[in-house]
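A quick write-up on the structure given underneath.
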Amino acid sequence: MADEKSLNFLEEIIENDLKAGKYQSISTRFPPEPNGYLHLGHAKSIVLNFGLALKYGGKTNLRFDDTNPVTEETEYVESIKGDVKWLGFEWANEFYASDYFDQLYDFAVNLINKGLAYVDDSTSEEIAAQKGTPTIPGTNNIYRNRSVQENLQLFADMKAGKYPDGSKVLRAKINMSHINMLMRDPVIYRIKHAHHHRTGDTWCVYPMYDFAHGQSDSIEKITHSICTLEFVPHRELYDWCIENLEIYPSKQYEFARLNMTYTMMSKRKLLQLVNDKHVNGWDDPRMPTLSGVRRRGYTPEAIRDFCDRIGVAKRENLIDISLLEFCVREHLNKKADRRMVVFDPLKVVITNYPEGKTEVLSGENNPEDHTSVRPLPFGRELYIEQDDFMEVPPKKYFRLSPGQMVRLKSAYIIKCEGVVKDSSGKVTELHCTYIPESKSGSDVSGINVKGVIHWVSIADALPIEVRLYDRLFVTEDLNAIEDDFTNHLNPESLTVKTVYAEPELKNSKEGEHFQFLRMGYFCKDPDSTPTNLVFNRTATLRDMWAKEMKK
RNA sequence: UGUCCUAUGGUGUAAUGGUAACACUGCAGAUUUUGAUUCUGCCUUUCUAGGUUCGAAUCCUAGUAGGACAACCA
């Protein structure tokens, strides 16, 4: 009980706030914009926001930041809700920034009345030019001096739809020579005659992020508004709005976003991969989207564990994707049932096994649980993996070779007695003998063999489709590249094969996880039909022998 | 030639002025009816220079490096 885990900087802030009596309880929010699918970077934010509230007895809202009707769609709303639930979290309230459009509009009017906002007729180019640069102050324009009365009328007319898109904006009146560019009279409302996924055609003026996010936090009485580092410069404006509107003072805190090796984490670029058909949709198992990794076979437990392990801090990071793989293997090792599937078949005939005889052996579903078993049909003709036989074996090879013995997993020890080749010299068939006393579970043969291989009975083999995934990109750090990121796609990120499975796999369910013995973790894909079962490779197993062979 | 953020093994994250540690990766070994799992061991660390202090990864100053900031995006 006393294992005191050290606190991350946000937990420290919260504990101090709580200790100081600043809050009775905390509230956080997860604020996605419904313009794309959630990815692992969002998972970090979700686990953080919901995790903090859970840990300190607070609540977390799901709030869609839907202030830009042009890019936002209901399809995304639904996928986001599904992903958050799948990850295992429940939000206290489902809110939308668009729920607050009336209040936000009133806030803007309030600012105008205080002389803190004005309508600007400049084009976006003019506004950009007047803004100056980080080292050169901006300049005031003539619109800045409009009267409160005029601004009120103009803003009302904007709302009433009297002006076309882009012709006018509402700006906060702060300071055009402010050292922080975001404080140089930021645009807070713009005209968009666009259909909104929730408010329809009610509005033609929409608030900007900086005039919506903090106010939404405030309306919901969010105590700790946690976002990523690129919003650090926005904090000053966030606080300015709250102060001048005299509303509940939510506080913004920033952490470093997740970057992962060989992984693209930009929503915009993921959208491009989908649109340009580099992948088969948002839920392609090669995608770092939550729908993608779910289909790939990653479990919510593994992803939450991953998010816990990567920690939270303010420095840029590049997480090794092998940590994610470690997390998923660790969970699936405990959870997944074992099955035997031969990928590259080599026929084996057991010459001393009576023709026509069959028997049903028993295989453990998981080595950590001896009580759960499955039936395993055995016969005279089997498939084994081509890699599990070598006519001329290297040192330390302890699989099958002429005259050598191996154990067929959950079955018998066999000995290779003969090799059949075709005209080109390729090995097409092995003749082996089996040792009847070596039956798994009741072995009285006294023989010890080092090698254990998987197999399937040819008569019972079930052809299935496997989709073998490799990393989508060949470049480790995609943030560091200068050229088009699609140049870095891995052309071999997907390999499809038909392989031979033990018949028990017929009884599998969609989304069910398995370990195909010695081959990796797999998950049944929704593309499966009764006659064509499809399995996605979630992750390979660690393979010391493959490493040995590379040397 | 500005402001802000950041700097600890290969990668992450701790150490909250008092012996630099944990995980992943990598390497080596033990066990194993999965060359899996499990177990053991090893490699490798405080950006630089000053200062404060009995004592600095930690505080201060300067430098260096990386990142962010000039969307009617979020």
Side-chain angles (χ1 to χ4, degrees), chain A residues 5-8 12 31-33 35 65-68 70-72 97 120 122-124 127-129 131-138 165-171 178-182 184 186-192 206 208-210 212-213 227 229-236 254 256 261 267-268 309-327 329-330 333-334 338 340 364 366-368 396-399 406-411 413 438 440-441 443 448-454 479 515-520 540-549:
Chain A
K5 238 190 121 217
S6 55
L7 304 176
N8 67 46
E12 243 170 70
E33 183 188 12
N35 68 346
D65 235 333
D66 56 349
T67 56
N68 185 1
V70 180
T71 54
E72 295 153 4
D120 192 328
S122 309
T123 64
S124 60
I127 289 177
K131 219 156 210 181
T133 74
T135 50
I136 301 170
D165 288 6
S167 58
K168 283 180 170 48
V169 291
L170 184 71
R171 291 227 253 171
H178 200 288
I179 202 76
N180 180 350
M181 301 275 308
L182 285 161
R184 320 245 258 231
V187 172
I188 57 177
Y189 258 91
R190 76 289 214 190
I191 302 170
K192 273 182 197 281
Y206 292 94
M208 297 287 291
Y209 167 85
D210 285 309
H213 199 99
C227 60
L229 245 31
E230 64 267 32
F231 292 98
V232 168
H234 292 251
R235 190 174 59 230
E236 197 170 8
E254 312 87 9
T261 55
K267 234 202 270 186
R268 207 195 89 241
R309 285 170 184 265
I310 59 178
V312 180
K314 298 188 77 157
R315 61 188 101 112
E316 302 284 331
N317 58 78
L318 183 62
I319 307 286
D320 195 329
I321 196 167
S322 61
L323 180 62
L324 215 212
E325 288 171 352
F326 168 83
C327 292
R329 284 190 189 113
E330 186 175 61
N333 177 52
K334 293 193 195 85
R338 313 290 133 124
M340 293 201 282
E364 285 176 346
N366 190 306
E368 289 179 25
K396 290 200 279 182
Y397 185 82
F398 43 84
R399 304 175 189 178
V406 288
R407 152 91 49 196
L408 296 176
K409 175 72 180 175
S410 301
I413 293 172
S438 68
S440 189
D443 185 347
N448 257 327
V449 293
K450 181 98 169 137
V452 179
I453 64 174
H454 62 278
N479 288 323
Q515 185 195 108
F516 292 173
L517 233 58
R518 304 205 298 144
M519 304 308 285
T540 58
L541 261 28
R542 289 179 67 219
D543 190 346
M544 297 304 283
W545 176 245
K547 275 183 191 166
E548 185 72 31
M549 292 300 279

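Letters A, B, ... mirror the listed sequences (proteins, then strands); counts begin at 1.
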Item to check | Minimum heavy-atom distance A:Lys409-A:Met340, with the two atoms named | outcome: O-CE, 3.8 Å
Checklist entry - Separation of A:Leu318 atom CG from B:rU13 atom C1', in whole Å? => result 15 Å
Next on the checklist: What is the separation between atom CD on A:Glu254 and atom C1' on B:rC5, rounded to the nearest whole Å?
Outcome noted: 9 Å
Checklist entry - What is the minimum heavy-atom distance between A:Glu72 and A:Asn35, and which atoms define it? => result CG-CB, 4.3 Å
Next on the checklist: In dot-bracket form, 5' to 3', how is RNA chain B paired? Count Watson-Crick and G-U wobble pairs only if both distances fall under 3.5 Å, and write | where the partner sits on another strand.
Outcome noted: .((((((..((((....[..)))).(((((.......)))))....(((((..]....))))))))))).....
Checklist outcome for this item: Correct closest heavy-atom pair for A:Glu33 and A:Lys267 would be O-NZ, 3.3 Å
Checklist entry - Nearest of B:rU6, B:rU16, B:rG2 to any side-chain atom of A:Lys314? => result B:rU6
Distances under 3.5 Å between protein N/O atoms and the N/O atoms of nucleotides 30-33 of chain B, please, pair by pair.
| from | atom 1 | to | atom 2 | distance (Å) |
| --- | --- | --- | --- | --- |
| B:rU32 | O4 | A:Lys450 | NZ | 3.3 |
| B:rU33 | O2' | A:Lys409 | NZ | 3.1 |
| B:rU33 | O2 | A:Ser410 | N | 3.1 |
| B:rU33 | N3 | A:Ser440 | OG | 2.6 |
| B:rU33 | O4 | A:Arg407 | NH1 | 3.1 |
| B:rU33 | O4 | A:Arg407 | NH2 | 3.4 |
| B:rU33 | O4 | A:Ser440 | OG | 3.0 |
| B:rU33 | O4 | A:Gly441 | N | 3.2 |

Would you tabulate the pairs of protein nitrogen or oxygen atoms and nucleotide nitrogen or oxygen atoms of nucleotides 72-74 of chain B closer than 3.5 angstrom?
| from | atom 1 | to | atom 2 | distance (Å) |
| --- | --- | --- | --- | --- |
| B:rC72 | N3 | A:Gly166 | O | 3.4 |
| B:rC72 | N4 | A:Ser122 | O | 3.1 |
| B:rC72 | N4 | A:Ser124 | N | 3.4 |
| B:rC72 | N4 | A:Gly166 | O | 2.8 |
| B:rC73 | OP2 | A:Arg190 | NE | 3.1 |
| B:rC73 | OP2 | A:Arg190 | NH2 | 2.7 |
| B:rC73 | OP2 | A:Lys192 | NZ | 3.2 |
| B:rC73 | O3' | A:Arg190 | NH2 | 3.2 |
| B:rC73 | O2' | A:Asn68 | ND2 | 3.3 |
| B:rA74 | OP1 | A:Thr67 | OG1 | 2.6 |
| B:rA74 | OP1 | A:Arg190 | NH1 | 3.4 |
| B:rA74 | OP1 | A:Arg190 | NH2 | 2.9 |
| B:rA74 | OP2 | A:Tyr209 | N | 2.9 |
| B:rA74 | O4' | A:Glu33 | OE1 | 3.4 |
| B:rA74 | O3' | A:Asp65 | OD2 | 3.4 |
| B:rA74 | N6 | A:His234 | NE2 | 3.1 |

Checklist outcome for this item: Rounded to whole Å, CZ of A:Arg338 lies from C1' of B:rA36 at a distance of 8 Å
Checklist entry - When you measure from the side chain of A:Trp545, which nucleotide among B:rU34, B:rA70, B:rG35 comes out closest? => result B:rG35
Checklist entry - Just how far, in rounded Å, is C1' of B:rU34 from CZ of A:Phe516? => result 14 Å
Next on the checklist: With rounding to the nearest 0.5 angstrom, report the CG to OG1 distance, A:Asn479 to A:Thr261.
Outcome noted: 11.5 Å
Item to check | A:Phe398 six-ring centre to A:Lys450 NZ/CZ under 6.0 Å and within 45° of normal | outcome: yes
Checklist outcome for this item: Shortest non-hydrogen pair, A:Trp545 vs A:Tyr397, comes out as CZ2-CD1, 3.4 Å
Item to check | A:Tyr206 OH to B:rA71 P, straight-line distance once rounded to whole Å | outcome: 23 Å
Every protein N/O lying under 3.5 Å from an N/O of nucleotides 18-22 of chain B:
none

Checklist entry - Between B:rU37 atom P and A:Asp543 atom CG, what is the distance in whole Å? => result 10 Å
Checklist entry - Does A:Asp65 use its side chain to pair, donor to acceptor, with the backbone of A:Ala97 at less than 3.5 Å? => result no
Checklist entry - Separation of A:Ile188 atom CD1 from B:rA71 atom C1', in whole Å? => result 16 Å
Checklist entry - For A:Leu229, which contact category applies under a 4.0 Å heavy-atom criterion: base, sugar-phosphate, or nothing? => result nothing
Checklist entry - In whole Å, what is the span from the CD atom of A:Glu368 to the C1' atom of B:rU37? => result 7 Å
Checklist entry - What nucleotide among B:rU6, B:rA70, B:rG67 has an atom nearest to a side-chain atom of A:Met181? => result B:rA70
Check: protein-nucleotides 62-65 of chain B nitrogen or oxygen pairs below 3.5 Å:
none

Next on the checklist: With a 4.0 Å cutoff (strictly under), does any side-chain N or O of A:Arg315 reach OP1 or OP2 of B:rA7?
Outcome noted: yes
What's touching nucleotides 23-27 of chain B from the protein side, N or O pairs under 3.5 Å?
| from | atom 1 | to | atom 2 | distance (Å) |
| --- | --- | --- | --- | --- |
| B:rA23 | O2' | A:Arg309 | NH1 | 3.0 |
| B:rG26 | OP1 | A:Lys547 | NZ | 2.9 |

